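Written below as structure tokens is the structure these notes are about.
Residues take their numbers from the sequence shown, with the count starting at 1. Every value quoted in this text rests on a predicted model; they were computed, and no experiment measured them.
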Amino acid sequence: MKTISENRAFGGVQGVYSHASTATGTEMTFGLFLPVEAETGAVPVLWYLSGLTCTHENAMVKAGAQRWAAELGIALVFPDTSPRGDGVANDAAFDLGQGAGFYVNATQSPWSPHFRMWDYVTEELPRVLFNAFPIAEEAQAITGHSMGGHGALTIAMSFPGRFASVSAFAPICNPTASDWGRKQFTAYLGPDEAGWAPHDASLLMKKRGFDGPMLIDQGTADQFIDLLKPESLATAMTEHRQGGSFRMQKGYDHSYFFVSTFMEEHMAFHAAALHA
């Protein structure tokens, strides 16, 4: 593992690191904030999965999460959204290819050699983190924005007992019924829609739900709301009688102004579960 940068922030350290990934077959970069408490022992961790076009850097710089993480004694992990580099397949569209991994393991050419973001985020990067940094494996929570909200919700529901809590900012809620999903799942996973269902938060909610508290925030002025389909997840949560909150925030759009506005509340939500 290589240290790209480390900066003191709110008494802790905001680092950026890279490592050779066996899951993607590429060099992968991630951000990690460690609060001051990590100097004396293992700390709980919140995973933040980013959205389309993003790298590890977007939320690390724009979300304002480190201030609240420092106050609450929680580490923050900011993975990248896809493999990158020479020889990695890409597409001219912003919503497919590099920057748009959708947190799935691709099975189709030309994506399958490198686009294995499900394995990277759920298996490989956790091993790297727990082996190299003072992070408590038994105290994890997960959140994300847009495509990253889709990833956070599907991962949380697929690994019962791993995460104490899950939240999302404007997640892609029903990708099997949206152009933000059908296009990418066809490219990455092939035309058989049966293979798409494990990566649809609304379908997973109807089938199994989440074994902990949930918090979803969606802006009413989100320019992508018809692609996100929040009503599908809200309905599924109601039908499953899922414990949690689904909040429609009046006047807010899809930007990091929206994310940063509600980040303090999401951090407090996760802290309550992680420190319970």
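- Side chains of Tyr252 and Gln218: no donor on one and acceptor on the other come within 3.5 Å.
- With hydrogens and angles ignored, the 3.5 Å screen pairs no side-chain donor or acceptor of His114 with any backbone N or O of Val88.
- Residues Ile135 and Trp68 fall into different hydrophobic clusters, defined by Ile, Leu, Val, Met, Phe, Trp and Tyr side chains chained together at heavy-atom separations under 4.5 Å.
- In this structure, His199 and Trp118 have perpendicular ring planes: the angle between them is above 60°, well past the 30° mark.
- Scanning all heavy atoms of the two residues, the minimum distance from Ser146 to Gly51 falls at CB-CA, 4.4 Å.
- Note on Tyr256: it clusters hydrophobically with Phe169, by side-chain heavy-atom contacts below 4.5 Å among ILVMFWY residues.
- Using a 4.5 Å cut-off between side-chain heavy atoms of Ile, Leu, Val, Met, Phe, Trp and Tyr, with links allowed through other members, Phe185 and Leu49 fall into the same hydrophobic cluster.
- Counting heavy-atom neighbours within 6.0 Å of Phe257 CZ, excluding the residue itself, gives a total of 12 or less.
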- [ ] Take Glu265 and Arg247 through the salt bridge (Lys or Arg N to Asp or Glu O under 4.0 Å) test and state the conclusion after the steps.
- [x] CA-CA 12 Å; Glu265 293 180 43; Arg247 310 188 303 189; 2.8 Å; yes
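- Counting heavy atoms from C-beta outward, Tyr103 and Thr81 have side chains that approach closer than 4.5 Å.
- A side chain to side chain contact (heavy atoms under 4.5 Å, CB included) with Ile172 is found for exactly one of Leu228, Asp200, Leu233, namely Leu228.
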Open item on the list: Working note: Glu27 + Ser18, criterion side-chain hydrogen bond (donor to acceptor under 3.5 Å, both in side chains); need CA distance, chi angles, decisive distance, verdict.
Closed with: CA-CA 7 Å; Glu27 191 82 0; Ser18 68; 3.1 Å; yes
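- In this structure His19 satisfies the side-chain contact (heavy atoms from CB on, under 4.5 Å) test together with Met1, Ser21, Met28, Phe30, Tyr120, Glu124, Leu125, Val128, sequence neighbours excluded.
- The closest donor-acceptor contact from the side chain of Asp119 to the backbone of Asn105 lies at 3.5 Å or more, if one exists at all.
- A donor-acceptor pair shorter than 3.5 Å can be found between the side chains of Ser167 and His266.
- From Leu203, atom CG reaches atom CG of Asn174 across 6.0 Å, with rounding to the nearest 0.5 Å.
- Here His150 pairs with Phe102 under the ring pair (Phe, Tyr, Trp, His ring centres under 6.0 Å) rule; sequence neighbours left out.
- Counting only N and O atoms by type, the side chains of Ser165 and His270 include a donor and acceptor under 3.5 Å apart.
- No donor-acceptor distance shorter than 3.5 angstrom exists from the side chain of Asp80 to the backbone of Thr29, with no hydrogens or angles considered.
- Contact annotation: the side chain of Pro171 never approaches that of Met147 to less than 4.5 Å [non-hydrogen atoms, C-beta and beyond].
- Residues Val43 and Pro35 meet the side-chain proximity criterion, which asks for heavy atoms closer than 4.5 Å.
- A distance of 13.5 Å separates CE in Met237 from NZ in Lys206, rounded to the nearest 0.5 Å.
- Centroid-to-centroid, the aromatic rings of Phe10 and Phe33 stay 6.0 Å apart or farther.
- Gln108 places none of its side-chain heavy atoms less than 4.5 Å from the side chain of Tyr188.
- Rounding to the nearest 0.5 Å gives a distance of 10.0 Å between CG of Leu46 and CG of Leu72.
- Residues His56 and Ser50 have side chains that never bring a donor and an acceptor to within less than 3.5 angstrom of each other.
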Open item on the list: With side chain to side chain contact (heavy atoms under 4.5 Å, CB included) as the criterion, how do Tyr17 and Leu32 come out once you've worked through the C-alpha distance, each side chain's angles and the decisive distance to 0.1 Å?
Closed with: CA-CA 8 Å; Tyr17 310 93; Leu32 173 66; 4.0 Å; yes
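- In plain terms, the two heavy atoms of Phe163 and Phe210 that are nearest each other are O-CZ, 3.4 Å.
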Task: side-chain hydrogen bond (donor to acceptor under 3.5 Å, both in side chains) between Gln223 and Asp253, worked out - done: CA-CA 6 Å; Gln223 60 270 46; Asp253 61 15; 5.1 Å; no
TODO: With side chain to side chain contact (heavy atoms under 4.5 Å, CB included) as the test, would you mind laying out the steps for Val16 and Met60 before giving the verdict?
DONE: CA-CA 10 Å; Val16 178; Met60 188 180 81; 3.7 Å; yes
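- Cys173 SG to Leu227 CG: the interatomic distance, rounded to the nearest 0.5 Å, is 11.5 Å.
- Of all heavy-atom pairs spanning Ala201 and Met157, the tightest one is O-CE, 3.4 Å.
- Note on Glu39 versus Arg8: salt bridge recorded, some NZ/NE/NH1/NH2 to OD/OE distance being below 4.0 Å.
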Open item on the list: If you apply the rule side chain to side chain contact (heavy atoms under 4.5 Å, CB included), what do you find for Phe246 with Thr238, and how did you get there?
Closed with: CA-CA 10 Å; Phe246 195 114; Thr238 300; over 6 Å; no
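- Under 3.5 Å, the side chains of Ser232 and Ser202 contain no donor-acceptor pair of N or O atoms.
- One distance of note links CZ of Phe115 with OG1 of Thr24; it measures 9.5 Å at 0.5 Å rounding.
- The minimum heavy-atom distance linking Gln242 with Gly209 is given by the pair OE1-CA, 3.5 Å.
- One finds a salt bridge joining Glu193 and Arg182 here, because a Lys/Arg side-chain nitrogen approaches an Asp/Glu carboxylate oxygen to under 4.0 Å.
- Side chains of Thr154 and Leu204 form a contact here, defined as non-hydrogen atoms less than 4.5 Å apart.
- Between Ser245 and Ile216 there is no side-chain heavy-atom pair separated by less than 4.5 Å.
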Task: Verdict with reasoning, Gln14 to Glu6, per side-chain hydrogen bond (donor to acceptor under 3.5 Å, both in side chains) - done: CA-CA 6 Å; Gln14 175 61 63; Glu6 289 183 332; over 6 Å; no
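- Here the closest heavy-atom approach between residue Ala273 and residue Pro213 is recorded as CB-CG, 4.3 Å.
- A 4.5 Å side-chain heavy-atom check between Asp95 and Lys183 finds at least one atom pair inside the cut-off.
- Asn58 and His145 are not linked by any side-chain donor-acceptor pair at a separation below 3.5 angstrom, with hydrogens and angles left out of the test.
- Ion pairing between a basic and an acidic side chain is recognised when a charged N comes within 4.0 Å of a carboxylate O; Arg116 and Glu123 show no such pairing.
- The main-chain N or O of Ser5 is never found under 3.5 Å from a side-chain atom of Thr3 such that the two would form a donor-acceptor pair.
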- [ ] May I have the step-by-step check of side chain to side chain contact (heavy atoms under 4.5 Å, CB included) for Leu129 and Val45, ending in yes or no?
- [x] CA-CA 10 Å; Leu129 292 172; Val45 61; 5.7 Å; no
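- Formation of a donor-acceptor pair under 3.5 Å by the Trp196 side chain with backbone atoms of Gly190 is found in this model.
- Both Met267 and Phe78 are assigned to one and the same hydrophobic cluster, defined by single-linkage of ILVMFWY side chains at heavy-atom distances under 4.5 Å.
- Contact between Ala100 and Leu96 at its shortest, heavy atoms only, is CB-N, 3.5 Å.
- Taking hydrophobic clusters as Ile, Leu, Val, Met, Phe, Trp and Tyr residues chained together by side-chain heavy-atom distances below 4.5 Å, Trp47 shares a cluster with Met214.
- The shortest side-chain heavy-atom distance between Ile74 and His275 falls under the 4.5 Å cut-off.
- Side-chain atoms of Gln184 come within 3.5 Å of backbone N or O of Gly181 as a donor-acceptor pair.
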